[in-house]
Amino acid sequence: MNKTIVLASNNAGKIKEFNALLSDMGIDVKPQSEFNVEEAEENGLSFIENAILKARNACAQTGLPALADDSGIEVDYLNGAPGIYSARFAGEHGNNEANNTLLLEKLDGVAELERTARFHCVLAYMRHENDPTPKVFHGVWEGRIMTSNEGQEGFGYDPVFYVPECGCSAASLPKEVKNQISHRAKALKQLFAAFQQQSSLL
Ligand SMILES: O=P(O)(O)OP(=O)(O)OP(=O)(O)OC[C@H]1O[C@@H](n2cnc3c(O)ncnc32)[C@H](O)[C@@H]1O
Ligand SMILES: [Mg+2]
């Protein structure tokens, strides 16, 4: 595959994970910052709508196919919050430390069994701005919210997300491990399978 795909994200943590995963698949992706793409307004009401808005915006501004990721964490005790508002849970967009502190505060004293949560990653791939059939893939990673921050790897909510299959926080996992089992890894595996089945997508 030698066609360039624009990665419609400005999140450095996501971009690193995409680069690791997609280069393994032989796909050449370039972040939208390389094309000076102006950020899309994320005013959808679901991960799916926001992912499509971001992909369409990047296609429109570059004339290239684009892949967008809209993701976040759903906490059962908070009736699904922060959900699609994960990046700005504590007010300021992308303030991971404040988001994690607020989440720990909101779950203060809540028993382990009630701390269940999951990461969602929705990927939208569009061949061009007017693509009538965006390809959408969804990966989920089940876990629960820790009682304090743990670990230095990853980004975002990783220090407060306990991964039962590993017995530690997502931020304690080596990146190669997170990139095998995460919500993003699961969605990307689906994308890759679709590319293999349908070469006209690229
Ligand atoms: O929209 P782009 O430019 O891609 O960047 P963003 O940070 O605004 O991304 P989202 O709108 O998709 O918001 C997702 C938020 O969910 C969190 N998140 C998503 N995936 C995560 C992961 O793998 N580990 C930890 N936190 C994650 C993180 O805080 C993100 O800021
Ligand atoms: Mg965003």
Side-chain angles (χ1 to χ4, degrees), residues 6-21 29-58 61 66-75 78 80-104 117-125 136-146 149-163 166 168-188:
V6 182
L7 185 53
S9 174
N10 293 320
N11 179 313
K14 282 187 195 177
I15 292 170
K16 267 196 213 159
E17 292 184 6
F18 274 111
N19 283 338
L21 286 156
V29 283
K30 292 198 164 67
Q32 61 182 11
S33 61
E34 287 190 23
F35 302 89
N36 298 316
V37 171
E38 215 174 294
E39 211 165 12
E41 200 186 335
E42 291 180 45
N43 54 11
L45 295 177
S46 65
F47 293 121
I48 297 172
E49 289 163 284
N50 283 335
I52 292 174
L53 287 171
K54 289 190 266 193
R56 185 180 292 127
N57 178 65
Q61 292 187 44
L67 177 65
D69 165 318
D70 201 57
S71 45
I73 192 163
E74 175 186 22
V75 179
L78 302 177
I84 61 168
Y85 304 108
S86 292
R88 49 190 142 126
F89 187 41
E92 184 196 348
H93 182 274
N95 188 338
N96 295 326
E97 215 178 294
N99 288 341
N100 287 337
T101 302
L102 180 62
L103 186 53
L104 292 177
R118 63 206 56 78
F119 274 122
H120 292 278
C121 171
V122 171
L123 297 179
Y125 174 76
V136 175
F137 310 94
H138 180 200
V140 183
W141 197 18
E142 294 285 343
R144 59 178 185 262
I145 304 303
M146 316 255 307
N149 287 282
E150 182 193 288
Q152 304 297 326
E153 300 291 331
F155 67 97
Y157 294 90
D158 285 343
V160 297
F161 186 73
Y162 180 79
V163 182
C166 301
C168 64
S169 76
S172 306
L173 296 174
K175 51 185 178 305
E176 298 75 22
V177 176
K178 182 183 174 193
N179 285 344
Q180 278 301 314
I181 63 178
S182 74
H183 50 314
R184 187 159 295 105
K186 288 171 183 158
L188 271 167

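Keep in mind it's a predicted model, so treat the numbers as computed, not measured. We count ligands from 1, going down the list as the structure has it; atoms in each ligand are counted the same way.
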Does Ser86, backbone or side chain, put an N or O under 3.5 Å from an N or O of ligand 1? no

Residue selection (non-hydrogen contact nearest atom 15 (C) of ligand 1) among Ser71, Ala12, Ser182, Gly156: Ser71

min-distance protein heavy atom vs atom 20 (N) of ligand 1 -> Arg184 NH2, 2.9 Å

How close do Ala68 and Ala51 get, counting heavy atoms only, and between which atoms? CB-O, 3.2 Å

Say whether Tyr157, considering both its backbone and side-chain N or O atoms, lies within less than 3.5 Å of an N or O atom on ligand 1. yes

Number the atoms of ligand 1 from 1 as they appear, then name those within less than 4.0 Å of a heavy atom of Asp70, with their elements. 10 (P), 11 (O), 12 (O)

What's the verdict on side-chain contact (heavy atoms from CB on, under 4.5 Å) for Tyr157 and Val75, showing C-alpha distance, side-chain angles and the deciding distance? CA-CA 12 Å; Tyr157 294 90; Val75 179; over 6 Å; no

So does Glu38 get a backbone contact from the side chain of Gln61, meaning a donor-acceptor N/O pair under 3.5 Å? yes

Provide, to 0.1 Å, the distance between atom 7 (O) of ligand 1 and the closest protein heavy atom, together with that atom's residue and name. Asn11 ND2, 2.8 Å

Verify, without hydrogens or angle tests, whether Gln32 (side chain) and Val37 (backbone) share a donor-acceptor contact under 3.5 angstrom. no

For Arg118 and Phe161, which heavy atoms make the closest approach, and how far apart are they? CA-CE1, 4.2 Å

Taking 4.0 angstrom as the limit and counting only heavy atoms of His183, give me the atoms of ligand 1 inside it, by number and element. 20 (N), 21 (C), 22 (C), 23 (O)

Counting distance only, does the side-chain N/O of Asn100 pair as donor-acceptor with the main-chain N or O of Gly156 below 3.5 Å? yes

List ligand 1 atoms under 4.0 Å from Asp69, heavy atoms only on the residue side. 4 (O), 12 (O)

Short side-chain to backbone donor-acceptor contact, Lys14 and Ser9, under 3.5 Å: no

Enumerated ligand 1 atoms positioned under 4.0 Å from heavy atoms of Glu42: 1 (O), 8 (O), 11 (O)

All heavy atoms of Gly154 vs all of Asp158, minimum pair found to be CA-OD2, 3.3 Å

Begin with the C-alpha distance, continue with both residues' side-chain angles, and end with the deciding distance and a verdict on side-chain contact (heavy atoms from CB on, under 4.5 Å) for Ile73 and Val160. CA-CA 11 Å; Ile73 192 163; Val160 297; 5.7 Å; no

the protein heavy atom lying closest to atom 24 (N) of ligand 1 turns out to be Asp158 OD1, 2.7 Å

Shortest non-hydrogen pair, Glu150 vs Ala171, comes out as O-CB, 3.4 Å

The option among His93, Lys14, Arg88 carrying the non-hydrogen atom nearest to atom 8 (O) of ligand 1 is His93

Of Gln32, Glu17, Lys178, the one whose closest heavy atom lies nearest atom 23 (O) of ligand 1 is Lys178

For ligand 1, which atoms, with element, lie under 4.0 Å from some heavy atom of Ser9? 2 (P), 3 (O), 4 (O)

Before giving the answer on side-chain contact (heavy atoms from CB on, under 4.5 Å), spell out for Phe18 and Asn11 the whole-Å C-alpha distance, their side-chain angles and the decisive distance to 0.1 Å. CA-CA 11 Å; Phe18 274 111; Asn11 179 313; over 6 Å; no

Going by the order shown, which atoms of ligand 1 are within less than 4.0 Å of some heavy atom of Asn10? 2 (P), 3 (O)

Any side-chain heavy atom of Lys178 sitting closer than 4.5 Å to one from Glu17? yes

Nearest-contact summary for atom 31 (O) of ligand 1 - protein heavy atom, Å: Ala87 CB, 3.4 Å

Need the ligand 1 atom indices (1-based, order shown) with element for anything under 4.0 Å from a heavy-atom of Lys54. 1 (O), 2 (P), 4 (O), 10 (P), 11 (O), 12 (O)

Please confirm whether Gly154 approaches ligand 1 to less than 4.0 Å, judged on its heavy atoms. no

Looking at side-chain heavy atoms only, is the closest gap between Phe137 and Lys186 below 4.5 Å? no

I need the protein N, O or S atoms closer than 2.8 Å to the Mg ion (ligand 2), given as residue plus atom name. Glu42 OE2

Below a 4.0 angstrom heavy-atom separation, can you tell me which part of Phe119, side chain or backbone, both or neither, approaches ligand 1? side chain

So, the side chain of Lys54 versus the backbone of Asp69: is there a donor-acceptor pair under 3.5 Å, distance only? yes

Where the closest heavy atom to atom 25 (C) of ligand 1 is concerned, which of Phe89, Phe47, Phe155 has it? Phe155

When you measure from the side chain of Asn50 to the backbone N and O of Gly44, does any donor-acceptor pair fall under 3.5 Å? yes

